[in-house]
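See below for the structure under consideration.
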Protein chains: 2
Amino acid sequence: MSKIVLPTEPECANISFLAVMHALSDPLRLSIVLSVLCEGEKTCGSFVIQAPKSTLSHHFRVLRESGVLSTRRQGKELINTVRKNDLDFLFPGLLDAVINGARPVVTSLYPHP
Amino acid sequence: MSKIVLPTEPECANISFLAVMHALSDPLRLSIVLSVLCEGEKTCGSFVIQAPKSTLSHHFRVLRESGVLSTRRQGKELINTVRKNDLDFLFPGLLDAVINGARPVVTSLYPHP
DNA sequence: AGAACAGTTCGAATATCATGGAACTGATTG
DNA sequence: CAATCAGTTCCATGATATTCGAACTGTTCT
């Protein structure tokens, strides 16, 4: 009987546009989002990105608390997904525009993924 | 023969996606952008927004330097426009998505404009 | 139970940003 | 030329973000 502690995520109605915009205006977070989107799901540890755990964890938190990512536990890993449905419902077109606009940014940061 | 000094704006090719995202993730700047978009053109002084000149000027600078606004002089006023063509070309759909997503934010800040 | 592992939380240093008063610039008007 | 006006620049202050090592939590495996 273990109490599973998961990080806080806002429900759809409480997702703030400004928080989402802020979350998506950081290069590292942007690359996380693109990566998760590409692969569908992703654990925190499975990133090529060169950064200490605590830094990555911080950015995952920002993404979660803003409503961009959703996290669930599977074994000892946490699995992340982009809340595409919620975001598309609340801010139609935003995520797609970001995906397109962000690709050059991210590929210039991490040329050959 | 007067030398007209205008604030710096990046040319289209040098507009950074992250800079644009950051510029658009502040409530005051967002309301400026929406307002300028609504009215087509707008001077800095013609804002209902309650804020000192220097603060407004700072936000206009951020918007200009990120490539969101373009400014030209007309008499003693500076006239601002949103660089919709450039932004739509570089980041298709972004501006429209922001306009839609931002409206609730802005109208909650300034209920009856 | 104990070791190993994924990821979080804490805490502190550093950097970046927003705010706003005061002085300044460049243009218009008297 | 002097006064005024729009807006910027300068500067200081407080707030918010980013970074990352170290300690901690919850989970699995032996």
Side-chain angles (χ1 to χ4, degrees), chain A residues 1-9 16 18-33 35-36 41-66 68-81 109, chain B residues 1-9 16 18-33 35-36 39 41-66 68-81 105 109:
Chain A
M1 292 305 149
S2 52
K3 191 170 62 174
I4 299 183
V5 179
L6 278 185
T8 58
E9 296 168 13
S16 143
L18 287 172
V20 169
M21 289 295 287
H22 170 253
L24 295 177
S25 59
D26 175 275
L28 218 149
R29 288 196 290 266
L30 208 46
S31 74
I32 290 175
V33 171
S35 178
V36 173
E41 302 188 318
K42 215 155 169 47
T43 63
C44 295
S46 65
F47 277 91
V48 197
I49 301 169
Q50 175 78 10
K53 297 194 309 177
S54 53
T55 298
L56 280 182
S57 185
H58 161 71
H59 288 296
F60 273 97
R61 168 196 276 262
V62 173
L63 288 167
R64 268 191 309 259
E65 292 186 340
S66 64
V68 174
L69 289 185
S70 178
T71 305
R72 73 174 193 282
R73 179 145 235 155
Q74 193 175 70
K76 49 184 172 181
E77 296 180 332
L78 296 186
I79 300 195
N80 298 281
T81 51
L109 277 178
Chain B
M1 292 305 148
S2 54
K3 192 169 63 173
I4 298 182
V5 179
L6 277 186
T8 58
E9 296 168 15
S16 145
L18 287 172
V20 169
M21 288 295 287
H22 170 255
L24 295 177
S25 60
D26 175 276
L28 217 149
R29 288 196 289 267
L30 209 46
S31 75
I32 290 176
V33 171
S35 179
V36 173
E39 325 234 339
E41 301 189 319
K42 215 154 167 49
T43 63
C44 294
S46 65
F47 277 90
V48 196
I49 300 168
Q50 177 77 9
K53 299 195 306 179
S54 53
T55 298
L56 280 183
S57 185
H58 161 71
H59 288 297
F60 274 97
R61 169 197 275 262
V62 172
L63 288 167
R64 267 192 309 260
E65 291 185 342
S66 64
V68 174
L69 289 186
S70 178
T71 306
R72 71 173 195 282
R73 181 145 234 153
Q74 194 177 68
K76 50 184 172 181
E77 295 180 332
L78 296 185
I79 299 195
N80 297 281
T81 53
V105 175
L109 277 179

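Here is the naming used below: chain letters follow the sequence lines, and residue numbers restart at 1 for every chain.
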| field | Where at least one partner belongs to residues 20-30 of chain A, residue pairs that pass salt bridge (Lys or Arg N to Asp or Glu O under 4.0 Å), sequence neighbours excluded | value |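 Sorted pair list comes back empty.
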
| task | Mind jotting down which residue pairs meet the salt bridge (Lys or Arg N to Asp or Glu O under 4.0 Å) criterion with at least one end in residues 44-63 of chain B? Sequence neighbours excluded, please. | result |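 Pairs touching residues 44-63 of chain B that pass the test: R61(B)-E65(B).
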
Without decimals, in angstroms, what is the distance between [X] [atom1] and [N] [atom2]?
{"X": "L18(A)", "N": "dC17(C)", "atom1": "CG", "atom2": "C1'", "answer": "15 Å"}
{"X": "L56(B)", "N": "dT9(D)", "atom1": "CG", "atom2": "P", "answer": "14 Å"}
{"X": "L63(B)", "N": "dG7(D)", "atom1": "CG", "atom2": "P", "answer": "15 Å"}
{"X": "I79(B)", "N": "dG7(D)", "atom1": "CD1", "atom2": "C1'", "answer": "13 Å"}
{"X": "F60(B)", "N": "dT19(C)", "atom1": "CZ", "atom2": "P", "answer": "14 Å"}
{"X": "R72(B)", "N": "dA27(C)", "atom1": "CZ", "atom2": "P", "answer": "16 Å"}
{"X": "D26(A)", "N": "dA15(C)", "atom1": "CG", "atom2": "P", "answer": "17 Å"}
{"X": "H59(B)", "N": "dC17(C)", "atom1": "NE2", "atom2": "C1'", "answer": "9 Å"}

Do [X] and [Y] have side-chain heavy atoms sitting under 4.5 Å apart?
{"X": "N80(A)", "Y": "F60(A)", "answer": "yes"}
{"X": "V62(B)", "Y": "H58(B)", "answer": "yes"}
{"X": "L56(B)", "Y": "L28(B)", "answer": "yes"}

| query | Taking only residues two or more places apart in sequence, or in another chain, which ones meet S66(B) in a side chain to side chain donor-acceptor pair (under 3.5 Å)? | reply |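 With sequence neighbours excluded, S66(B) shows a side chain to side chain donor-acceptor pair (under 3.5 Å) to no residue whatsoever.
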
| task | With sequence neighbours left out, write down each residue that passes side chain to side chain donor-acceptor pair (under 3.5 Å) with S70(B), or none if nothing qualifies. | result |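 Testing S70(B) for side chain to side chain donor-acceptor pair (under 3.5 Å), a comparison that skips the adjacent residues, returns E9(B).
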
| Does a side-chain N or O from T55(B) land closer than 4.0 Å to OP1 or OP2 of dT19(C), or not? |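 Indeed not, no polar side-chain atom of T55(B) lies that close.
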
| said: Counting only side-chain nitrogens and oxygens, does R61(A) get under 4.0 Å of the OP1 or OP2 atom of dT9(C)? | reply: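 For R61(A), the contact criterion (side-chain N or O under 4.0 Å from OP1 or OP2 of dT9(C)) is met.
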
| task | Report the C-alpha separation of L18(A) and H22(A) in whole Å, then their side-chain angles, then the decisive distance to 0.1 Å, and conclude whether the side-chain contact (heavy atoms from CB on, under 4.5 Å) test is met. | result | CA-CA 6 Å; L18(A) 287 172; H22(A) 170 253; over 6 Å; no

| request: Name all residues meeting the side chain to side chain contact (heavy atoms under 4.5 Å, CB included) criterion together with S46(A); count only those two or more places apart in sequence or in a different chain, and write none if there are none. | output: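 Once residues adjacent in sequence are excluded, the partners of S46(A) under the side chain to side chain contact (heavy atoms under 4.5 Å, CB included) criterion are K42(A), T43(A).
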
I'd like a table of atom pairs between the protein and nucleotides 12-17 of chain D - only N or O on both sides, under 3.5 Å - with the distance next to each one.
none

| field | Under 3.5 Å donor-acceptor pair, S54(A) side-chain atoms to dG21(D) base atoms | value |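 Checked by distance alone, the answer is yes.
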
Identify the pairs formed between an N or O of the protein and an N or O of nucleotides 4-6 of chain C at a distance under 3.5 Å, and give each distance.
{"unit_1": "dC5(C)", "atom_1": "O4'", "unit_2": "K76(A)", "atom_2": "NZ", "d": "3.4"}
{"unit_1": "dA6(C)", "atom_1": "O4'", "unit_2": "K76(A)", "atom_2": "O", "d": "3.2"}

| request: Kindly point out which of dC20(D), dT8(D), dT19(C) is positioned nearest to the side chain of P52(A)? | output: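 The closest nucleotide is dC20(D).
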
